[in-house]
Amino acid sequence: MKTRFAPSPTGHLHIGGARTALFNWLLARNQNGVFVLRIEDTDALRSEERFTEDILASIKWLGLDYDGEPVFQSQRNHIHKTYVDKLLKSGGAYYCHCSPQRIEELRARALEAKDKPRYDGHCRELGLGPAPGAVIRFKKPSSGTTSWVDLIKGPITIDNDELDDLVLVKADGLATYNMAVVADDASMEITHVIRGDDHVNNTPRQILLYEALGLSIPQFGHVPMILGEDKKRLSKRHGATSVLAYREMGYLPQALVNYLARLGWSHGDQEIFSLPEMVSAFNLQSVGKSAAVFNKNKLDWLNSHYIKETPVPQLAALLKPFLSARDALPPNEEALEKIVLTVRERGKTLEEMAQKAAFYYTKDLVLNPTAAKKLLGESGRKSLSSLKEALKEIPNTHEDFDKILDELAKEHGIKKGELAQPLRLALTGETASPGLYDILVILGADECSKRIDAALKYQE
RNA sequence: GUCCCCAUCGUCUAGCCUGGUCCAGGACGCCGGCCUUUCACGCCGAUAACACCGGUUCAAAUCCGGUUGGGGACGCCA
């Protein structure tokens, strides 16, 4: 049993591709099979090495692995050729001298007649040979139907009349997609072809090729598309679509993988899956047939979940680059872990955590102007002054701090919040923050006093 | 336009194959409440769906047909 993921390096690995890779990987690992990577880089114009690197890095980040080294389709043209030769010899393929212009006219005419554009078979019986600019076409059966039982969609049948004699070898001598895929899948002995929904229409063409070549046909499974909120195919305008962009936004790979797996696949009511759990529970029968809308809320929820699950030292290491980007890095690991503890339940992503933790070690704390206007009036200043006095030393326990607040509140005849909020603003610059006592401990008496002074001096 | 595929709460889905246990279950979000010095977290609760029409049947979310809607494919791209 062998599956493959076959992306073309013409762009970053996106969410949809990642899910296809994941399903192939899960299936192979579940069946104790083999999972290989094949980079389909035969489009020299659009393929770029940096995208290959992006794909490899994405797969690694997601926590997937593949067997053996990645295979590059561009290096296999000689293999593709042997299959084409076989077809040529058996009469299953022929040279076509039709000019691209003629083909284009054909298409235009068909479209105008509201018909399906198809090659008319002009050169099919001409017995032509190689020539500059010539292509090789498949001589498809002129009647009958082609059908297969899709591993995900069930039985699918298509009339061979709907197909045309597709180009197998381009004028530049390279095999086209369908030819290359069949040659590669066959020679690599792929048994299960799991790919995106958009390939359903290629499947009958490929099956016909397998049949003409006398090869055994692999099983096919087509996973539904992922759509944006507007139910249109997911694209850039829906926001981030590349896998690595999610890493940059502070998502954990476990969260993305878990989310992607559950997008289309289900296992009863279970929502949270570790990778090993997924492997043992996975099967294609439980993959849905319909397209799914990508929902960031649920991804966020899963990310929060995995953030809370991650051991603090590990989480601290993950947060580091995000704090560093904000120039708010704590002086040492111990301090870092302390602040992690105070923000890990307040941010849905590492980026959000960093944003909420930046005030601790930022060089210049800026007070939120609207909040300052509201909280640093006469009564606010009075609160701050008395708190400054009371907090010359940081209380030993949370309870002690509570007591101080209670006493000051009683003394001034005000609510606790009227003390806490000005203090919060002075220390963090904002009205929402982690618990005040935790902040006091982390900042220390000196820093607290400095920030309170700064707030007392605050001018609009 | 032609062909292929799909259709359960706003979203992801369970159930559908093997009709009755489903006046449809779970999760996320939304809304309300509790907790609380803020924001979160946590806990509790509420709202919310079988696209439509017809057929089969004692009985249909489940089977069949059609309609509508959506998606995909129609390249010398992959």
Side-chain angles (χ1 to χ4, degrees), chain A residues 6-10 40-43 45-47 73 96 98-100 103-104 107 110-119 133-137 150 153-154 156-159 161-164 166-174 176-178 180-181 196-204 222 224-225 227 229 231-233 259 262-272 285-286 288-302 304 308 342-348 356 401-402 405-406 409 415-421 423-425 428 430-437:
Chain A
S8 57
T10 53
E40 311 221 317
D41 56 346
T42 48
D43 185 342
L45 245 66
R46 295 194 300 148
S47 296
Q73 193 166 56
C96 168
C98 290
S99 67
I103 303 299
E104 188 44 52
R107 189 206 325 286
L111 250 22
E112 210 171 300
K114 310 229 175 217
D115 214 350
K116 195 178 203 168
R118 270 171 297 188
Y119 178 60
V135 300
I136 300 174
R137 286 186 184 272
D150 197 273
K153 303 214 170 243
I156 297 178
T157 300
I158 185 160
D159 214 311
D161 277 347
E162 295 296 332
L163 276 19
D164 67 355
L166 77 161
V167 173
L168 300 180
V169 179
K170 299 178 269 182
D172 65 6
L174 292 180
T176 57
Y177 168 73
N178 281 300
V181 164
D197 218 345
D198 46 338
H199 285 296
V200 170
N201 295 277
N202 284 322
T203 307
H222 292 92
M225 308 254 99
L227 311 175
E229 305 276 356
K231 306 224 175 190
K232 298 267 185 252
R233 191 183 185 148
Y259 179 70
R262 276 290 287 103
L263 196 60
W265 173 73
S266 62
H267 184 64
D269 286 340
Q270 192 171 344
E271 297 285 351
I272 307 283
Q285 291 75 43
S286 303
K289 300 176 177 186
S290 49
V293 172
F294 187 86
N295 182 226
K296 189 172 163 294
N297 277 334
K298 194 147 189 181
L299 207 211
D300 282 348
W301 172 71
L302 279 164
S304 304
K308 285 176 230 158
T342 71
V343 292
R344 70 168 169 173
E345 279 168 0
R346 278 169 237 269
K348 291 180 167 71
K356 289 179 197 294
F401 175 57
D402 256 350
L405 282 183
D406 280 334
K415 281 186 233 157
K416 258 204 273 191
E418 291 176 73
L419 288 160
Q421 285 307 81
L423 179 60
R424 187 182 313 281
L425 178 68
T428 72
E430 290 294 341
T431 53
S433 80
L436 270 179
Y437 182 67

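Given the structure is predicted, the values throughout are model-derived calculations rather than measurements. Letters go in sequence order (proteins before strands), and every chain restarts at 1.
No hydrogens or angles were tested; on distance alone, nothing pairs the side chain of A:E345 with the base of B:rG42 as donor and acceptor under 3.5 Å. In this model, no side-chain donor or acceptor of A:D115 finds a partner on the base of B:rG1 within 3.5 Å. With hydrogens and angles ignored, no donor-acceptor pair under 3.5 angstrom links the side chain of A:R262 to the base of B:rU13. Interface remark: the A:K298 side chain does form a donor-acceptor pair with the B:rA27 base, using a distance-only criterion of under 3.5 Å.
Residue A:A292 is in sugar-phosphate contact alone, with no base atom involved, counting any heavy-atom pair closer than 4.0 Å across all strands shown. Among the heavy atoms of the strands lying under 4.0 Å from A:R107 are primed sugar atoms or P, OP1, OP2 only; no base atom is included. Within the nucleic acid shown, A:R118 has no heavy atom closer than 4.0 Å to any nucleic acid atom. Contact annotation for A:P7: no contact, since no heavy-atom pair falls under 4.0 Å across all strands.
Checking B:rC12, B:rC3, B:rG72 against the side-chain heavy atoms of A:K116 singles out B:rC3 as nearest. Listed nucleotides B:rC12, B:rA73, B:rC5 differ in distance to A:V293; the shortest reach to its side chain belongs to B:rC12. Of the candidate nucleotides B:rG26, B:rA73, B:rU37, B:rU37 has the atom lying nearest to any side-chain atom of A:L436. When distances run from any side-chain atom of A:A432 to the nucleotides B:rC5, B:rC76, B:rC39, the shortest one goes to B:rC39. Distance from the side chain of A:D402 is smallest to B:rU37 among B:rA78, B:rU37, B:rC76.
Between A:E271 and A:R262 there is a salt bridge, since a side-chain N of the basic residue sits under 4.0 Å from a carboxylate O of the acidic one.
For the pair A:I272 CD1 and B:rC12 C1', the computed distance is 13 Å after rounding to whole Å. Between A:L227 atom CG and B:rC5 atom C1' the separation is 13 Å, expressed in whole Å. The distance from atom NZ of A:K231 to atom C1' of B:rA51 is 11 Å, rounded to the nearest whole Å.
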### Query
Taking it one step at a time, do A:D164 and A:R137 satisfy salt bridge (Lys or Arg N to Asp or Glu O under 4.0 Å)?
CA-CA 9 Å; A:D164 67 355; A:R137 286 186 184 272; 5.2 Å; no
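Nucleotide B:rC74 forms a pair with B:rG1, judged by Watson-Crick or G-U wobble geometry with both contacts under 3.5 Å.
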